[in-house]
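In what follows, a structure is listed as structure tokens, so that the remarks can point back to it.
Just so you know, these numbers come straight off a predicted model, no measurement behind them.
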Amino acid sequence: MSQLELVQELRANRPVVSTELRERVLALAPPPPPRRIEPNLRRLVPAVAFAGLAAAVGVATVVGVVNSSHGGSVTSAKTSAPVHGAALQKRERARPRVHANPTAGLYADKTLRAVAPSSSRLQQYDASLRVRVKDQAELSRRTQQALRFTRRLGGYVVSAKYSAPGTSGTSRLALRVPIQHVQAAIAAFSAYGTLVSQRITLKDLQQKVDALGIRIRRLRARIAAGEPEAQLERDKALLRALTRSRQATTQRAQLASVALTMAVAAKQKHAATPPGRFHRTLDDAGSVLVREFELLLYALLVAGPLLLLGGAGILASRSLRRRADQKLLERA
Amino acid sequence: MPRLRRISVVKPNAQDFAEVAERHLDDVHAFLVYLTGDRSVAEDLTAETFARALERWRKFDPRRGSARTWLCQLARSTALDHFRSEERRRRREGRYTLGGTDAQDAAFGEGLSPELEAALSRLSAAEREVLALRIILDLDGDSAARVLGISTSACSTRLSRALQKLEQEVSAGVAA
């Protein structure tokens, strides 16, 4: 019997359903409606994903709008923050220029008081300031002003170096200012522009002067007591040297050294106009979306391997189940 | 002939199920007869298959396949549950089937020759089910493969081997 004949015979003699079975099947009653709504995963998963995406975009938009409404006030606060030097400069301009006391009013701002020299001990006071001015005209003006102010305080200029090539410029002044006016000088120089750096060094000279004074007194006493001629000449020479040293030390303590360096600020690019509210909103919303994406990526990186393992496990179990069913059918 | 695409899908209801049951009852029954090799078991399993189908009728999506294919899948699942429970019962009772059922009247079809009946009873359920799907129910290769949970090529291979074995069994029976 060929395979074709087998097929024909099989098709010609199909099993027939009994009447009892037909009635039994057609009499099946529909089940009662389910009490709870059974979720359709095929529709639920895309709906949840879409809702999640909409929520993420909504949150980002709200955060962007809220931040943008606050961002303007924050920005204006930053730009209007006063610079000490500039504020003092404005106050200084508002006062009458001629004062009997050149230092009058400069101590109004307590923050500008430099380290004060001691009034009871001799000290070597060295100060170094670096100030940035806005342009060459300002550099020239402030240089002249510093020289005049130093002289007005009773001090003098040790050296002055000024150069203004191109659009830049630097002014280096070595000044000596009476110790009692050094704080006023530092305060005034700090107000010439933006104070970039400031360094003050104090060195006590009192001990040295006191020690010199003691040696001088002993030497004078020795000379007054009478000495051989040779020794007397040597002691007088030593006395003169010690006296000169004490005078020089005392003089050094009476004048403070101030090194003032002023430089023209580097050309700044034209300040960009602050972004409008719409752009701030977009920026903030974009930042939030990026952050949300980072969190999602992190969650996927953490959960991804677990999901992969789970999926592999499910596929493996299905494959095993299929093989088991096949073996079962082969045995049946 | 090109496949017609449905523009809209109507949700299945009880009335539709009754029509589907009427239309495909014979196919499901025939499939289960060949799968189980026992008419009485096949009738019970047919009733159980349609009972399950009625419970799940709301979830049936005609876009994923025809109702006949879906019912055959359910029938196969029902039969596998039956075989598993039977195997567990036999293990508990300490008895194992020695193969083949007792001789009974025309298990697979009323007009089949005795040699063909005997040859069919000597095939395994796995071999008979592919014969039932492709030859008795005349399902195409894709639909039959979907019911069996295998690829189309694997289904064709199984069919070829089943027919070959049937031919050999019939020839052996005739020779005997």
A:Arg11 side chain to B:Ile135 main-chain N or O, any donor-acceptor pair under 3.5 Å? yes
Give, for atom CZ of A:Arg22 and atom NE2 of B:His29, the distance between the pair rounded to the nearest 0.5 Å. 10.0 Å
Minimal non-hydrogen separation, B:Phe108 against A:Pro15, with atom names: O-CG, 3.1 Å
Which atom names give the shortest non-hydrogen contact between B:Phe83 and A:Leu329, and what distance separates them? CE1-CD2, 3.4 Å
Between CD of A:Gln3 and CG of B:Leu159, what distance do you get to the nearest 0.5 Å? 8.5 Å
By a 4.5 Å heavy-atom criterion (distance strictly below it), what part of B:Leu35 contacts chain A: side chain, backbone, both, or neither? side chain
d(A:Leu328 CG, B:His82 NE2) to nearest 0.5 Å is 10.0 Å
Could you tell me whether A:Arg331 and B:Glu87 have a side-chain N and a carboxylate O separated by less than 4.0 Å? yes
Minimal non-hydrogen separation, B:Ala21 against A:Leu26, with atom names: CB-CD2, 4.5 Å
B:Ser113 versus A:Glu9, side-chain donor and acceptor atoms under 3.5 Å: yes
Please report the shortest heavy-atom distance between B:Ser124 and A:Glu330, naming the atom on each side. CB-O, 3.5 Å
Please tell me if the side chains of B:Arg134 and A:Val7 come closer than 4.5 Å, counting only heavy atoms from C-beta onward. no
Do the side chains of A:Leu10 and B:Leu166 get nearer than 4.5 Å, heavy atoms only? yes
Would you find more than 12 non-hydrogen atoms of other residues, nucleotides or ligands less than 6.0 Å from B:Arg161 atom CZ? no
Enter the distance from B:Leu25:CG to A:Arg24:CZ here, rounded to the nearest 0.5 Å. 11.0 Å
What heavy-atom pair brings A:Ser2 and B:Glu167 nearest, and what distance separates the two atoms? CA-OE2, 3.9 Å
Would you mind checking which part of B:Arg56 comes under 4.5 Å of any heavy atom in chain A, side chain (CB onward), backbone (N, CA, C, O), both or neither? neither
Is it true that a side-chain atom of A:Arg14 and a backbone atom of B:Gly109 form a donor plus acceptor pair closer than 3.5 Å? no
Most contacts with chain A, counted as non-hydrogen pairs under 4.5 angstrom, among B:Val33, B:Leu112, B:Val28, B:Leu163: B:Leu112
Assert top hit (heavy-atom pairs under 4.5 Å, partner chain A, pool B:Gln164, B:Arg84, B:Glu115, B:Glu127) equals B:Arg84
